[in-house]
**Q** 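The structure's right below; bear with me while I get my questions together.
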Amino acid sequence: RKRKTKGMKVKDVRVTGGVGGGTRSATVARRVAGSGFRARARVSGKPQNQAAKELRSGARKDVGGVRPLDVACCATPLSRQACFVLLNPEGEVERLDNGRVRTKVFIDMYIIDKAYDSITNYYRNNVEIPGFRKGSAIPESMIMNQVGKEQYFLAVLEEIFKMTLEGAFAKLGDRVLSDTETIETPTEEMVKAVVTRKPFKYSVSADVLPDVKWKTPYADMKIKVDTSAYSIPDEEKVNEIFESFRKEQAQLSIAVGRKVKRGDMCVVEATCVKKDTGEPALGVPEGAFRYDTDVSSLPNFVENLEKLGVGEETEFDVDIPQDWPDENVRGWQVSFKVKVNEIFEKKLPELNDAFAAQIVPTARTLEEAREFLLKNIAGGKEEAKLQALQNAVTQSIADCLDITIPESMVRNIGREEYGKKLMELQAQGTLSPEMIQKFTSEKIVSDYIEKERGTFEMLAKASIGIAEILKLEKLVLSQEAFEEELDKIRAQYAQESPGQELEEDEQITQAVRERSETKLVFDWIQENCSVEYV
């Protein structure tokens, strides 16, 4: 057997799969992303697009090129505590500098034999070998020849992982984050032990929830709620809506013999780099693109464009303000090089009864459209106020914590948020399934996570803080409150998907429970902390 395995080409592999008992850690990782603050949570049935669903849940990876076997035909894992005592007799868990932990798992002959039996029985029931019926006592050697020795031994190794990973970190309880385990021992070394049927050890590391440290006691939080989102007078808001629709319907005509004016639509070519490093900045598109001077918020950008006519170009510096939406670029000094290719002036449609129907299809007059919008704005103010409060509480909880967030948690929340955005766009008909598939590429997702990293780290901190407050204050969700929230989800789903029934699987009920528990914490904070609307 040793001689026959010399030519094996086995890569080191990362094995994914939940560490058993990780209920709380998995809940914490989802609590903010799926609970409704920052972006309103929408719990519905199956995702409309499989690519978006896989992006959110994460697809299971193959082990060493072996197709994962059906769990139903694999051996039952040992209990967590028994597994820990048997497989890690020293009870040692090493804490690493990067927020991960590492331990060693001892694999004895009992476990190796159980794994062999399980895989052999699986193939006996699933592989067709001439001269044998499925389920019969097919010799192990014939199975190896049929499926290939390399695949067979790797399948045994994967089965060993299924039996033992669950108990590897039992000493840490539910603080291990699921799907973050990495087998660090070279695969070739472990396969050699499997082939020769000799006991061996493997090292495995994983992310853990950080110990909660409060810079400021959460009961002493002073929360300031930004009211700007809903404090604009209703009439002024209606006028903004009218003006926005007019600009969307504007006709463009070529501006002749003049320079750029604010309000123009321009076709420009531009580059932007950080002044100190020369690296590309702000994601400026390559080639010519349209630029609406009405919506520009960069200081002095339009002012510099106003010096240019068609075919002219300029260079200038811009200081990114400290209140810029993307906090990762706040304070940067960037250098622009811009050339104007075309200038278009806008001709806005007249605001009259005929145009009112384009804003509100049921309106026959401009006054009817105005009344309809006023009614909707008034009805949405309470929701906007609640959203502003939730955002402020989320930020305040995160600001009170002094912890380092595991990278896996940041990326999981980022992928969750990105997946929700894609599904919302698809539901609105904005993106086709083909475009959705394109936007799920790993590079695009990673770029999005890096761009919004600050937000996701804040959400992760708040998630951990919410779980800690729930525990320390002994807040318990009643069954009545849970059912009430579930009824709301059913009603919402029935309204959005007439004739379809909501599939209330474990994922749906868990999401509803987490959102309801988050609301418990928010209610407690409102009653016990200082909340000021500014």
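Along the sequence shown, the residues carry numbers beginning at 1.
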**Q** Go through the side-chain N and O atoms of T314 and N304 and say whether any donor and acceptor fall under 3.5 Å apart.
**A**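 No, no side-chain donor-acceptor pair sits under 3.5 Å.
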
**Q** Apply salt bridge (Lys or Arg N to Asp or Glu O under 4.0 Å) to E342 and list each qualifying residue two or more places apart in sequence or on a separate chain.
**A** none

**Q** The criterion is salt bridge (Lys or Arg N to Asp or Glu O under 4.0 Å); which residues satisfy it with E306, sequence neighbours excluded?
**A** none

**Q** Are E416 and N412 linked by a side-chain donor-acceptor pair shorter than 3.5 Å?
**A**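 No.
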
**Q** Would you say E383 and Q387 are linked by a side-chain donor-acceptor pair, where the criterion is simply a distance under 3.5 Å?
**A**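 Checked: Q387/E383 side chains show no N/O donor-acceptor pair below 3.5 Å.
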
**Q** To check you understand the geometry: which heavy-atom pair defines the closest contact between I232 and K237, and what is its length?
**A**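 Shortest heavy-atom contact: CG2-N, 4.1 Å.
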
**Q** Just how far is it from atom CG of L459 to atom CD of Q395, taken to the nearest 0.5 Å?
**A**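 If I round to the nearest 0.5 Å, the distance is 9.0 Å.
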
**Q** Describe, in one word, how the ring planes of Y202 and F161 are oriented to each other, choosing from parallel (under 30°), tilted (30 to 60°) and perpendicular (over 60°).
**A**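 Judged by the thresholds at 30° and 60°, the geometry between Y202 and F161 is perpendicular.
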
**Q** Between T293 and R262, is any side-chain donor less than 3.5 angstrom from a side-chain acceptor?
**A**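 Result is no, nothing qualifies.
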
**Q** Taking the basic N atoms (NZ, or NE/NH1/NH2) and the acidic carboxylate oxygens, is any pair closer than 4.0 Å for K443 and D447?
**A**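 A salt bridge links K443 with D447.
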
**Q** Are side-chain N/O atoms of S446 and R411 paired as donor and acceptor at under 3.5 Å?
**A** yes

**Q** To the nearest 0.5 angstrom, please state how far the NZ atom of K461 sits from the CD1 atom of I466.
**A** 14.0 Å

**Q** Only counting residues at least two apart or in another chain, list the ones meeting salt bridge (Lys or Arg N to Asp or Glu O under 4.0 Å) with E189.
**A**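 If we apply the salt bridge (Lys or Arg N to Asp or Glu O under 4.0 Å) test to E189, skipping adjacent residues, there are no hits.
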
**Q** Report the residues that fulfil side-chain hydrogen bond (donor to acceptor under 3.5 Å, both in side chains) with N341, sequence neighbours left out, ordered by chain and then residue number.
**A** E269

**Q** Quiz question: by atom type and distance under 3.5 Å, do the side chains of E184 and S205 form a donor-acceptor pair?
**A** yes

**Q** If I take atom NZ from residue K222 and atom NZ from residue K224, how far apart are they, to the nearest 0.5 angstrom?
**A**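 Separation between the atoms: 10.0 Å.
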
**Q** With ring pair (Phe, Tyr, Trp, His ring centres under 6.0 Å) as the rule and sequence neighbours excluded, what pairs involving residues 276-300 come up?
**A**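 Qualifying pairs: Y291-F301.
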
**Q** Taking only residues two or more places apart in sequence or in another chain, which ones pass salt bridge (Lys or Arg N to Asp or Glu O under 4.0 Å) with R490?
**A**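 Result, salt bridge (Lys or Arg N to Asp or Glu O under 4.0 Å) vs R490: D487, E504.
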
